[in-house]
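Okay, structure first, notes after.
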There are 2 protein chains.
Amino acid sequence: METKPNIQAVARLANVSIATVSRVINGQGGVRKKTEDRILKAIDELGYIRNAAARTMKKKETKTVGVIVPDIKNPFFPIVMAGIEQKAREKGYFTILSSTNESQAMEENIVKNFIERGVDGVIITTANENSDHLKVLQVQGIPIVAVDRSIKQLEADTVLVDNEKGTYEAVSHLISEGHEKIAIICGPLETTPAYRRLKGYKRALNDHNIMADERYIIKGNFQESSGYKGTRDLFLLDERPTAIFSSNNLMSLGCIKAMQDLNWKLGNEVSFIGFDDIDIATLVNPKLTVVSRPMNLLGELAFQLLHERMSVKDDLPKREYILSPELKIRDSCRLI
Amino acid sequence: METKPNIQAVARLANVSIATVSRVINGQGGVRKKTEDRILKAIDELGYIRNAAARTMKKKETKTVGVIVPDIKNPFFPIVMAGIEQKAREKGYFTILSSTNESQAMEENIVKNFIERGVDGVIITTANENSDHLKVLQVQGIPIVAVDRSIKQLEADTVLVDNEKGTYEAVSHLISEGHEKIAIICGPLETTPAYRRLKGYKRALNDHNIMADERYIIKGNFQESSGYKGTRDLFLLDERPTAIFSSNNLMSLGCIKAMQDLNWKLGNEVSFIGFDDIDIATLVNPKLTVVSRPMNLLGELAFQLLHERMSVKDDLPKREYILSPELKIRDSCRLI
DNA sequence: TCCTAAAATGTAAACGTTTAGATTTTATTC
DNA sequence: GAATAAAATCTAAACGTTTACATTTTAGGA
């Protein structure tokens, strides 16, 4: 098996120096048309493909951004990712994606590996908002954009959704439909989204003079199983809530499954609103009212922020987008 | 801002040569404990992280595998991906993921970029099974594993599901429940999975002496919208089918939505089986009977095959796993 | 203490690019 | 046709590792 052709081989075949080949490869101009054609032909003939590692060594850039998500199986992230990828492609960047399974140790590994590989920037939904393990990026001068979860004590641009507002509106809607015994199934409260959603819930109750009831505040972990379990626990209460708010898509799934298994009649005996629009929302009967957010846009904006930071060398101020979620009213929270 | 520390800087600080530092970094042994400690301390002090590009240049390997999928928004792929990643991590490999949106042009770009970056292997669900655009990988000596869709005229290991069998069993089940007017909504027939599923459908009808009816064979494209449209078209037929088989998860979603909108009563007026188990399957009423396949395992096996090929230098024979799908009988195809 | 083998460490050359700066070629003007 | 400016091309030095091979140090025995 002959060895892979390098720029050297191309230069030899085209009878020019490697410098000229490099100029052609990078479209820098200043090369006679005839020479260029000769080089292009040689490239084609040899099947030459430039070696990114060597290039990176000289240029100290990879045109790559690393994306870190906590759970690739949560459909939220592939959609955000699609938004990131689309914008990245437009700007000539490639993306590399890794999932941490919400493990900080894993996240540290990935970050280290990304640095080794010389990513030009990082977009992250961190597994742990205390930023110590991300400082290393800052030290290396690699720009960071936080998506969906902010990062404490770190100068990172951020793209969030107004979680509190979304939940506030959802719970207010439930109240306006006559509910007073409203439960919430929370995510891990050390994450901002989970915490903010709980806060919105409490504020809504408060603003409408309803006492928060600790029994109705269930601690979940953003996984389907905890939605299921939470719903069952609520069902077993002496005084069941008449409405449930679920803090994310996966848990909503668990909630609905539990209701079916318990024969707890959705929209009839119990109302429901979930955070994030999901496939099943319009399929179950009654259709689910949800707090919906622009997931694709979230990704697009994240890349845009990162791109600015990667291109502009001057210090930009820290920027923060907070997108408004939208309450999509369907049929799962009728007056009971 | 001081420049990033390199192996040189570490060597200087630890008062050794770069060769010794390299040996420590790579855990090759043959270094006195005391020296090693000194080096480790220096590494820590400087925050040194090794430069993968330089390493790749020498070693000509990146410990990276590239994964190419046609549609990252289809939940099938993130799950396969999770399987790949898990096994890859175990073996010290990293994965980079890109999505083609079923575009061959995009796929070519990605492949080229992967080669530039020196991936050690590629796992792909190709957008076009005619392999011309993948030959370049073979030329470069980069091993390829095909997942879910095989690649024609290319020596690539393959991990498939027995699509024909899965569909055959599903349709046979429908027949055994008394159905004769059974429709199928196909995927793009130039892909093997779509084609095989159609084949299984036809064979099942044939084996049970039922004439295939062209009106009941709908051409879809694996997207939700085509499931929706196909179902509506079937509904508008003078002689409606009594059962529908949907060739993938996304189209199943569309089918169920259409049925609801048309008020075409699932399990009552029309039976249904879909390929691939999905979130909604156990949520709609009646619960969906589905053909289920081990998605995570698919990914695990794919990486395993790739890993063998990356490690073993000798020529291995072409290998092919064909996993059996399983018919999960629930309630959506009662006798009508 | 000296000798020797083994262990530890060092030297220097490559890997394939990019890019200043030097050199050659071409085009323009008189 | 010579002088000059501009354009095209070339030379050579980096970039940060790994590693074969050379050299030095250490330890153990006589």
Side-chain angles (χ1 to χ4, degrees), chain A residues 2-40 42-43 46-64 112-113 115-120 140-141, chain B residues 2-40 42-43 46-64 112-113 115-120 140-141:
Chain A
E2 77 281 10
T3 175
K4 281 186 203 167
N6 57 16
I7 200 171
Q8 196 74 265
V10 175
R12 204 159 29 222
L13 181 58
N15 202 23
V16 295
S17 77
I18 57 171
T20 308
V21 177
S22 176
R23 271 188 288 267
V24 169
I25 294 172
N26 295 293
Q28 290 169 315
V31 175
R32 207 188 307 278
K33 181 74 168 58
K34 214 166 58 178
T35 317
E36 177 166 1
D37 286 348
R38 206 147 27 97
I39 293 172
L40 255 22
I43 288 177
L46 294 171
Y48 166 75
I49 294 185
R50 130 179 110 195
N51 179 322
R55 165 170 236 256
T56 295
M57 270 193 73
K58 285 299 293 182
K59 304 263 297 182
K60 302 187 176 303
E61 65 167 29
T62 53
K63 289 279 176 186
T64 305
K112 174 132 178 275
N113 189 278
I115 295 175
E116 275 192 29
R117 288 167 143 58
V119 295
D120 299 335
Q140 300 273 332
Chain B
E2 77 283 7
T3 174
K4 282 183 202 168
N6 56 17
I7 200 172
Q8 198 69 269
V10 175
R12 205 159 30 224
L13 181 59
N15 202 23
V16 296
S17 77
I18 57 171
T20 308
V21 177
S22 176
R23 272 187 285 265
V24 169
I25 294 171
N26 295 292
Q28 290 168 317
V31 175
R32 207 189 307 278
K33 182 74 169 59
K34 213 165 59 178
T35 316
E36 177 167 0
D37 286 349
R38 204 146 29 93
I39 292 173
L40 257 21
I43 288 177
L46 294 171
Y48 166 75
I49 295 186
R50 134 178 107 195
N51 179 322
R55 165 171 236 258
T56 295
M57 270 192 72
K58 285 298 293 180
K59 304 263 295 179
K60 308 203 172 292
E61 65 165 32
T62 53
K63 289 276 176 189
T64 304
K112 175 133 178 274
N113 189 279
I115 295 175
E116 275 193 31
R117 284 163 196 279
V119 295
D120 299 335
Q140 300 272 333

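Every chain is numbered from 1 and lettered A, B, ... according to where its sequence line falls, protein lines coming before strand lines. Predicted model only: the values in this text are computed from it and were never measured.
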Can you tell me if NZ on B:Lys63 sees more than 12 non-hydrogen neighbours from other groups inside 6.0 Å?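 Yes - once you tally the heavy atoms of other residues, nucleotides and ligands closer than 6.0 Å, there are more than 12.
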Can you work out whether B:Gly30 or A:Ile49 has the more 5'-proximal nearest nucleotide on DNA chain C?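 The answer here is B:Gly30.
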So, is [X] near the phosphate of [N], with a side-chain N or O under 4.0 Å from OP1 or OP2?
| X | N | result |
| --- | --- | --- |
| B:Lys60 | C:dG16 | yes |
| B:Arg50 | D:dT17 | no |
| A:Lys59 | C:dT19 | yes |
| A:Arg32 | D:dA7 | no |
| A:Asn6 | C:dG16 | yes |
| B:Arg55 | D:dT18 | yes |
| B:Lys58 | C:dG16 | no |

Any donor-acceptor pair under 3.5 Å from A:Arg23 side chain to A:Gln28 backbone: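 Answer holds: no.
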Does B:Asn51 reach the side chain of B:Lys4, with side-chain heavy atoms less than 4.5 Å apart?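 Not touching, per the 4.5 Å side-chain cut-off.
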Take A:Ile18 and A:Gln8, measure what side chain to side chain contact (heavy atoms under 4.5 Å, CB included) needs, and give me the verdict at the end. CA-CA 6 Å; A:Ile18 57 171; A:Gln8 196 74 265; 3.7 Å; yes
Output the residues of residues 15-29 of chain A in contact with DNA chain C, where contact means a heavy atom of the residue under 4.0 Å from an atom of the strand; sort by number or write none.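 By residue number: A:Ile18, A:Ala19, A:Ser22, A:Asn26, A:Gln28.
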Test applied, side chain to side chain contact (heavy atoms under 4.5 Å, CB included); reference residue, B:Arg55; option that passes from B:Asn26, B:Thr62, B:Ile25: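 For B:Arg55, the side chain to side chain contact (heavy atoms under 4.5 Å, CB included) check succeeds only for B:Asn26.
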Rounded distance (Å) that lies between atom [atom2] of [N] and atom [atom1] of [X]:
| X | N | atom1 | atom2 | result |
| --- | --- | --- | --- | --- |
| B:Arg38 | C:dT9 | CZ | C1' | 11 Å |
| A:Lys4 | C:dT17 | NZ | P | 11 Å |
| B:Glu61 | C:dG16 | CD | P | 15 Å |
| B:Lys63 | D:dT17 | NZ | P | 19 Å |
| B:Asn51 | D:dT18 | CG | C1' | 13 Å |
| A:Met57 | D:dT17 | CE | P | 8 Å |
| B:Lys34 | C:dT9 | NZ | C1' | 14 Å |
| A:Ile7 | D:dT11 | CD1 | P | 14 Å |

Ignoring hydrogens, what is the shortest heavy-atom contact between B:Tyr48 and B:Asn6? Give both atom names and the distance.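 Closest heavy-atom pair between B:Tyr48 and B:Asn6: CE1-C, 3.6 Å.
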Which part of the nucleic acid does B:Thr35 contact within heavy-atom distance under 4.0 Å: base, sugar-phosphate only, or nothing?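 Sugar-phosphate, backbone atoms only, no base.
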Out of curiosity, B:Leu13 CG to B:Arg38 CZ, how far, rounded to the nearest 0.5 Å?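 One gets 10.0 Å once the value is rounded to the nearest 0.5 Å.
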